[in-house]
Each structure stands twice: as structure tokens, then as C-alpha cells.
Amino acid sequence: MSRAFLLVGLTGGLATGKSTVSAILRSLGCVILDADALAREVVEPGRPALATLAAEFGADVLGPDGALDRKRLGALVFADPARRKRLEAITHPAIRDRFRARLAELEAQGFAGIVVWDAPVMIEAGGYQDMDRLVVVITDAATQRRRALGRDGDPADAERKIASQMPLADKAKLADHVIDNSGDRAATEARTREVHAALLADLRARRAKLAAGDP
């Protein structure tokens, strides 16, 4: 436990409102490391992962400008679990490398606050086991489907994406803290602030251990 910051995993499911919680935590002073943002970086034109994706899934996953057509690729992998696993095998190592590099930068800077790793498939990929604390954002099934449909517009596609993910109830069982985002933003913000206060208490305990020289 040499690093001074508290590493918190933040995950949930499609359309549960994880981005809302992430934004609130950012406003409270947390450093947010966004897996989706890193995922976009590792498949930028010229990156090795993009060439591997084109070779694996076909040149059709590239747009006219040579950039990844994420919607086309998503349509291919969400319908086929084996292809989704292949996609993850290509992109996840590169994402993990960038994530670890960013943690090393923060450690070198002596950052001593809360770092939030915002990742949608953290539990499925096993990365949650490396977190100091795990926060899972949930909603009720009807709210999740309504929001997913509002985002995508295709009921079959929304159902397929939800079905491809680990059930929210199973994710919640692994969490240190659960944030139910089924209600309005005010309720979600109040609960997020409660969780943030608990995380700050954990951070203070961590600092005390470090100051005492405890491993």
C-alpha cells in the first residue's frame, strides 16, 4: 500500500447513469479515469490495435477517413459473444497499459486524493479485484430499458446490449457501495455525496496507516 491515493472502481450497466455519477464525483474533486475515453484513444488511426481490429473484423469497420466506425463494429460484436471476447482481447491490454501509466503518473506526482476508474465491464474483465473500493450504479429494469431505448432508438438492439452484460443484481453483490439511479438527479446526487463521504473516510484511514508506517 505504497500509493497515497484511494483507487475506486465505478461500474454499472447500459443506461444506468454511471456517467452522471462520474460527473458528480468529478465535481467533488475526484480524478476520473474513463475507460471509454482510453478505449477511443487506443483505436485511433495509426495505433496497432486499429490495424488488428480491421484484420480481425474486416475493413468495413473503418470509415472513409480510416477511423474506426464504432457503431458498425458494435453491431458485429454485440450480436456474437465470441466476437465480443475477441474484441476485448485486442483492446483491453492496450487500455490497461494506458490506465497503469496514468496511475504511475499520479503516484509520481504524489497525488493523495480519490482516483475513480470508470469502466463499464470492470467486473466482467476481473479488474474490480485491483480496486480499493467498488461502486456499482444500478437502476430498476424498466428505467434501464426506457433510458436505453431513448439513447439508441432500436428496441431489439437495446435488449441485445442489456442481455450481453452481467446482471446488475450480480454486480451489486460485489460492491462496497451501490448507487441507485432509478430516481431523479437530486436523489442520485444525494446518494453519491454519501458514498463520497464514506470514501473520504477510507482515504483518511489509508493516510493514517501510511503515516504510521503500516503495510
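In the hydrophobic clustering of this structure, V121 does not group with I123; members are Ile, Leu, Val, Met, Phe, Trp, Tyr whose side-chain heavy atoms approach within less than 4.5 Å, directly or through other members. L106 and I32 fall into different hydrophobic clusters, where Ile, Leu, Val, Met, Phe, Trp and Tyr are joined by side-chain heavy atoms under 4.5 Å apart, directly or via other members. A chain of hydrophobic side-chain contacts below 4.5 Å, direct or via other Ile, Leu, Val, Met, Phe, Trp or Tyr residues, connects L33 to V136. By the criterion of side-chain heavy atoms lying less than 4.5 angstrom apart, applied directly or through intervening Ile, Leu, Val, Met, Phe, Trp or Tyr residues, L199 is not grouped with L174; the two fall into different hydrophobic clusters. Residues L149 and I162 do not share a hydrophobic cluster, clusters being chains of Ile/Leu/Val/Met/Phe/Trp/Tyr side chains in contact below 4.5 Å.
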Next item on the list: Check the pair V195, I179 against side-chain contact (heavy atoms from CB on, under 4.5 Å), reporting the backbone distance first and the verdict last.
Entry: CA-CA 8 Å; V195 170; I179 297 175; 3.9 Å; yes
Next item on the list: Test side-chain contact (heavy atoms from CB on, under 4.5 Å) on M122 and M131 and set out the steps.
Entry: CA-CA 10 Å; M122 181 189 311; M131 302 296 113; 3.9 Å; yes
Next item on the list: Could you walk me through whether L7 and R133 pass side-chain contact (heavy atoms from CB on, under 4.5 Å), step by step?
Entry: CA-CA 7 Å; L7 181 57; R133 297 291 183 271; over 6 Å; no
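Side chains of H92 and L87 form no contact here, defined as non-hydrogen atoms less than 4.5 Å apart. The side-chain heavy atoms of I114 and V31, taken from C-beta on, include no pair separated by under 4.5 Å. Side-chain contact between T91 and V43: present, with at least one pair of heavy atoms (C-beta onward) separated by less than 4.5 Å. With a 4.5 Å cut-off on side-chain heavy atoms, V8 and L134 do not count as touching.
Of all non-hydrogen atoms in V77 and R84, the two that sit nearest each other are O-CB, 3.5 Å. G66 and P45 make their closest contact through O-CG, 4.2 Å (heavy atoms, listed as atom of the first residue, atom of the second, distance). Residue A54 comes nearest to L62 through the heavy atom pair CB-CD1, 3.9 Å, listed as atom of the first residue, atom of the second, then distance. Here the closest heavy-atom approach between residue E88 and residue P93 is recorded as O-CD, 3.7 Å. Contact detail for V42 and A49: the closest heavy-atom pair is O-CB, 3.3 Å. When all heavy atoms of R147 and T16 are compared, the closest pair comes out as NH1-O, 3.7 Å.
Between D180 and R191 no salt bridge is recorded (no basic side-chain N to carboxylate O distance below 4.0 Å). In summary, D132 and R206 engage in a salt bridge, as defined by a charged side-chain N under 4.0 Å from a carboxylate O.
With hydrogens and angles ignored, the 3.5 Å screen pairs a side-chain donor or acceptor of Q144 with a backbone N or O of L14. Under a 3.5 Å cut-off, the side chain of R207 and the backbone N or O of A112 do form a donor-acceptor pair.
Note that CG of L103 is 13.5 Å distant from CZ of R96, once rounded to the nearest 0.5 Å. We find the NE2-OG1 distance between H196 and T192 to be 10.5 Å, quoted to the nearest 0.5 Å. Distance CZ/F5 to CD/E107: 5.5 Å, rounded to 0.5 Å. Atom CZ of residue R86 and atom CG of residue L53 lie 9.0 Å apart, to the nearest 0.5 angstrom. Taking CD1 of I138 as the reference point, atom CG of L168 lies at 7.0 Å (rounded to 0.5 Å). From S182, atom OG reaches atom CZ of R146 across 9.0 Å, with rounding to the nearest 0.5 Å.
Sorted by first and then second residue, the salt bridge (Lys or Arg N to Asp or Glu O under 4.0 Å) pairs involving residues 167-178 (not counting sequence neighbours) are E124-K171, D170-K173. Residue pairs that meet the salt bridge (Lys or Arg N to Asp or Glu O under 4.0 Å) test with at least one member in residues 19-43, sequence neighbours left out, are E41-R98.
Ring geometry, F99 versus W117: the interplanar angle falls under 30°, so the pair is classed parallel (tilted spans 30 to 60°).
Of the candidates V178, T11, V116, L10, V135 forms a side-chain contact (heavy atoms from CB on, under 4.5 Å) with just one, namely L10.
Between the side chains of T139 and N181, not a single donor N or O lies within less than 3.5 Å of an accepting N or O. Checking D118 against S22 by side-chain atom types alone, a donor-acceptor pair falls below 3.5 Å.
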